[in-house]
Amino acid sequence: MQRLEHAAYLQITTALKVSGRPAHPGEGPWQEVPDGPDSRRQPQRLAPEEPTAPTSDTATRPSPAEAADRSAEVFPALLAASADPAGLRLLPTAGVPAEAEEDPGTETTTAPTPAAPETDGGENPGEEGTAQEVEEGEAHDLHAPEIRILGPVEVAAVDSTGHGPRIVRLAALLYFRPGRSADVLCAHMDPVSPWSASTLNARLQGLRRSLGSDPAGNPDVPRCSSGDDPYRLSPSVRCDWNRFLQLAERALPLGPAGLPDLERALALVRGRPFRGRPLPWAEPYQQEMITRIIDVTHTVATYRTPAGPYHDLSAARQAVATGLDVDDAAELLYREWMRIEAVAGNRQGLHTAVTRVQQVNRALDCSLKLATEQLINDLFNGSSAAVRI
């Protein structure tokens, strides 16, 4: 028998109550993330090959040998993205997508993707000015060091060997939690065995040497005049996460016209934020980033999949590949993948997407969501039921 202390019991029951609450609605530009396919044209369902369409797990799931064969021939770029998302490149947002990007076995007609319509100052006063200010700010800050956390934590000026990994994690901590004391930083950098003050000072000196100074000669890691002074980075230090938010929040209110910036935001993602096991202080930030990346992925797929001026299945697949590399258990993105292959008329690709989400859920020992089961049944049965997310 095991027993719980009352405090631990309260903590567990409180966590269960919180997990059962509905999700908070998006705020600001994130309210513009589309709900799903309800408001857009549904993908054309594939005609069933057999009189009785596969609906169960065993019916829709190929054998392991078949799955292995298909993974080598059916949309290998998407499946390989979990190992190397950088291997997929976003298509230009204007012009005709390269036909070589499409799977040769699919029967898909990819329409030219026009550039996002531009609005003049009369329709959206201030929009052009805002974009121009952002671009000018980027050009001005190109010389400043950048902390990259949308994937493995990196700082270009810091070596990846020796103490380098600890230094870049310290840089990320100083960026996201500025103004902390030495004791707090030491505890955050190693909760089990906190750093000593001398270790912190040595890593700070290494970071200061690597980042250097701004054009005015001020160090990007300011020196503290006393032991009680809080630690921080110079405001000129950049971060790819802020750039991601800047692009996404500028684009979301524009609807499909914001696709270029949304795809530029996804191009910044190199994998799961803080890849590996992040320090405890970084975990809330990681979850927020994963949520926002999935939102942007879903938005791009929503606008790129249906027929119309923004139709581009290669770009939709690219977005889904990026999102699944960040969270391979996001059923929302598997549903988008299924819709992409259904629109492409790629039955094998559809089987592959279904197989993959079933494998993930079996590994997690949980059932598919009702929306996922409904979509699978609708796509394979060819029923008249609407596809809902």
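Since the structure is predicted, the reported quantities are computational estimates derived from the model, not experimental observations.
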Dump the intermediate steps for ring pair (Phe, Tyr, Trp, His ring centres under 6.0 Å) on Tyr303 and Tyr310, then the final yes or no. CA-CA 7 Å; Tyr303 293 147; Tyr310 299 98; 7.5 Å; no

Check: [X]/[Y] side-chain N/O donor and acceptor closer than 3.5 Å:
X      : Y      : answer
Thr352 : Thr355 : no
Ser181 : Asp183 : no
Asp214 : Ser234 : no
Thr372 : Arg335 : yes

Short side-chain to backbone donor-acceptor contact, Arg238 and Ala144, under 3.5 Å: yes

Can a donor-acceptor pair be found, under 3.5 Å and without considering hydrogens, that links the side chain of Arg148 to the backbone of Val155? no

Please examine the side chains of [Y] and [X], heavy atoms only from C-beta on, and report whether any two atoms are closer than 4.5 Å.
X      : Y      : result
Pro273 : Ile293 : yes
Leu324 : Trp337 : yes
Gln318 : Ser314 : no
Phe380 : Arg347 : yes

side-chain contact (heavy atoms from CB on, under 4.5 Å), that's the test. Do Asp261 and Leu252 meet it? Break it down for me. CA-CA 9 Å; Asp261 275 347; Leu252 285 171; over 6 Å; no

Can Val184 be reached from Leu173 by stepping across I, L, V, M, F, W or Y side chains whose heavy atoms are under 4.5 Å apart? no

Tell me if the CZ atom of Arg166 is crowded by more than 12 foreign heavy atoms within 6.0 Å. no

Salt-bridged, Arg243 to Glu146, with N to O below 4.0 Å? no

I'd like to know if Asp325 and Arg275 make a salt bridge, using a cut-off of under 4.0 Å between side-chain N and carboxylate O. yes

Quick one: ring-ring contact (aromatic ring centres under 6.0 Å, His included) partners of Trp195, sequence neighbours excluded? none

Applying ring-ring contact (aromatic ring centres under 6.0 Å, His included), name anything that partners Tyr334, two or more places apart in sequence or on another chain. none

Among Phe274, Trp241, Phe176, which residue satisfies the ring pair (Phe, Tyr, Trp, His ring centres under 6.0 Å) criterion with Tyr285? Phe176

By the salt bridge (Lys or Arg N to Asp or Glu O under 4.0 Å) test, which pairs, at least two apart or in different chains, include something from residues 278-290? Glu288-Arg292

How close do Gly323 and Thr297 get, heavy atom to heavy atom, and via which atoms? CA-OG1, 3.6 Å

